[in-house]
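Notes follow once the structure below has been shown.
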Amino acid sequence: METHFSKEQLKNIDNKSSEKIFRKCVHCGFCNATCPTYQLLGDELDGPRGRIYLIKDMLENNKPANEKIVKHIDRCLSCYGCMTTCPSGVNYMHLIDHGRSHIEKTYKRPFPDRFVRSFLSKVLSKSINFRIIAFFSQFAKPFSFFFPKKLKEMIDFMPKSFPKKTLPKMKVYPAQNKKKPVARVALLTGCVQKVISPQINEATIRLLNRHEIEVVIPKGIDCCGSLNHHLGKGDLASQIFKKNISIWYDEYLKNGLDAIISNTSGCGTTLKDYGFIFRSDQDLKKKAKKISELTKDISEYLDENVKLNFIKNKKNNKEYKIAYHSACSMQHGQKIHKEPMNLIKKTGNEVLEIPDGHICCGSAGTYNLLQSEIAKKLLKNKISNIEKIKPQIISTGNIGCITQIAQATKIPILHTVEIIDWYTGGPKPEVLREL
Ligand code: SF4
Ligand code: SF4
């Protein structure tokens, strides 16, 4: 694609990076074929190629965003399905991030929109705020029909109950049985996940400790920053990124870290991008690059580094049909697809691939709250595809997908790490008590 940035504009590091990406695009439109919003809405501007044009036009012409541009950019799920399909290696993720940040700087959204986005930014990215809202939402649930549509949807979306934690809160969870652990890793426990599904972090810790790996949860790390990053709130995201980088890097230097484990693929994708985000920051670029290099999704880490001890006993003597839902951030964002399925296969269960598995379930961070109509259609399609293959259990590696899918089906859904924990000596997950 031809570009027309001036020399002056190219002094800006973000323009310079985006210009290189625009040049790779050959307008072929292959990406439209796998774009969920293009498939649903059929408008060129609701596909990746059209959005690339919109972003290029704003940046090249120093044009402020307008209502039309914002509508089409906001409809993008950031599922990155287009990046998997693109034959020219266009890094759409960096373009859409740049486009969103430009929108946030140049466009004043209508008040209700600003209110909802800032509410989500403040509530979801701080686990303490989320815990408080989650608590009060339980009382508001029976009266949710009194609230404005957006607020009602948010209240309805909150889980009805929150599982209790079973592991004590500690900074370091030591490896079992050996004085010297085989590895030491930091775990990102996540802002929303640790409130609504603490069992996922607990399964991760138990599983790693059982395989002689020490797990550290450094104080001060809460959100990975992706929520604000994808809302285009660059300054807020940057504060979180910087804090995380400095805490993890300190831990790496002082006590050693072999990996930073993410068990939420949406967060892992952002952590792996810290190096790019701080590429021109003289103080942070080396540290950020190191944090990105250390980051591993739990399935990737287990597959590459751990010889798992599977146990057959009374608790897991049944073989299930497990549908694996490959979260977009996992398969398109991090290019991890076969690894989690191979891990589940090793448990002796049958793994089923979901038809059209490359298409998003509509969760996409805060998308299901901000673009609920499109999200509902994607969810309906996903559930229909899952039900076609008649699984007894669904498994995935992202809390957003778990919450989204669970609201539309009675088939129990587990994080992949809960299955691996269970088959290597951990407890049978609570949601399977009736199976
Ligand atoms: S990220 Fe997903 S929704 Fe956005 S343009 Fe690419 S394929 Fe379409
Ligand atoms: S597939 Fe890649 S090169 Fe082709 S239009 Fe889409 S982004 Fe551009």
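Atoms within each ligand, like the ligands themselves, are counted from 1 in listed order. Note that the coordinates shown come from a computational prediction; the quantities given were computed from them, not determined experimentally.
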Between the side chains of D113 and K108, is the shortest nitrogen-to-carboxylate-oxygen separation below 4.0 Å, so that they form an ion pair? no
Test: E44 and R49 ion pair at under 4.0 Å: yes
At a non-hydrogen distance cut-off of under 4.0 Å, which region of S78 contacts ligand 1 (side chain, backbone, both, or neither)? backbone
K289 and E293 ion-paired at < 4.0 Å: yes
Aromatic rings Y324 and H337: how do their planes relate, parallel, tilted or perpendicular, breaks at 30° and 60°? tilted
With a cut-off of 2.8 Å, does C76 place any N/O/S atom under that distance from atom 4 (Fe) of ligand 1? yes
Is a side-chain donor-acceptor pair under 3.5 Å present for N398 with T396? no
For the residue pair H98 and S18, confirm or rule out a side-chain donor-acceptor distance under 3.5 Å. yes
May I ask you to identify the nearest protein heavy atom to atom 2 (Fe) of ligand 1, giving residue, atom name and distance to one decimal place in Å? C79 SG, 2.3 Å
Ligand 1 versus Y92, non-hydrogen atoms closer than 4.0 Å: side chain, backbone, both, neither? side chain
Verify whether one side chain among T85 and T34 offers a donor that lies under 3.5 Å from an acceptor in the other. yes
Is it the case that the side chains of Q193 and N201 hold a donor-acceptor pair, with the cut-off being a distance below 3.5 Å and no angle test? yes
Give the residue, atom name and distance (to 0.1 Å) of the protein heavy atom nearest atom 4 (Fe) of ligand 2. C28 SG, 2.3 Å
For C86, the atoms of ligand 2 under 4.0 Å from one of its heavy atoms are 1 (S), 2 (Fe), 3 (S), 7 (S)
Quick one: do K296 and E339 make a salt bridge, cutoff under 4.0 Å? no
Assess, by modelled atom type and distance only, whether the side chains of K382 and N385 contain a donor and an acceptor separated by less than 3.5 Å. no
Just which atoms of ligand 2 are under 4.0 Å from any heavy atom in I52? 7 (S)
One finds that the ligand 1 atoms under 4.0 Å from a non-hydrogen atom of P48 are 5 (S)
Is any NZ, NE, NH1 or NH2 atom of the basic residue among K7 and E19 found under 4.0 Å from an Asp or Glu carboxylate oxygen of the other? no
If we only consider heavy atoms of G29, is any one of them less than 4.0 Å away from an atom in ligand 2? yes
Any N/O/S atom from C35 (main chain or side chain) under 2.8 Å of atom 6 (Fe) of ligand 1? no
Starting from atom 6 (Fe) of ligand 1, find the nearest protein heavy-atom neighbour and note its residue, name and distance. C82 SG, 2.4 Å
Heavy atom under 4.0 Å from ligand 2: found in S88's side chain, backbone, both, or neither? side chain
Sub-4.0 Å atoms of ligand 1 with respect to non-hydrogen atoms of P36: 7 (S)
Within-shell test, T85 vs ligand 2, heavy atom, strictly < 4.0 Å: no
Measure the acute angle between the ring planes of W422 and Y320, then classify it against the limits of 30° and 60° as parallel, tilted or perpendicular. tilted
Non-hydrogen atom of P87 closer than 4.0 Å to ligand 2: yes
Note: ligand 1 atoms sitting under 4.0 Å from heavy atoms of Y80 are 1 (S), 2 (Fe)
Which bit of H27 is near ligand 2, meaning a heavy atom under 4.0 Å away: side chain, backbone, both or neither? backbone
Pair D43 + K71: basic N to acidic O under 4.0 Å: no
For atom 8 (Fe) of ligand 2, the protein heavy atom that lies nearest, with its residue and separation: C25 SG, 2.4 Å
Name the closest protein heavy atom to atom 5 (S) of ligand 1, giving the residue it belongs to and the distance to 0.1 Å. R51 NH1, 3.1 Å
contact_flag N32 ligand 2 heavy-atom lt 4.0 Å: no
If you have a sec, work out which protein heavy atom is nearest atom 3 (S) of ligand 1 and how many Å separate them, to one decimal? L77 N, 3.4 Å
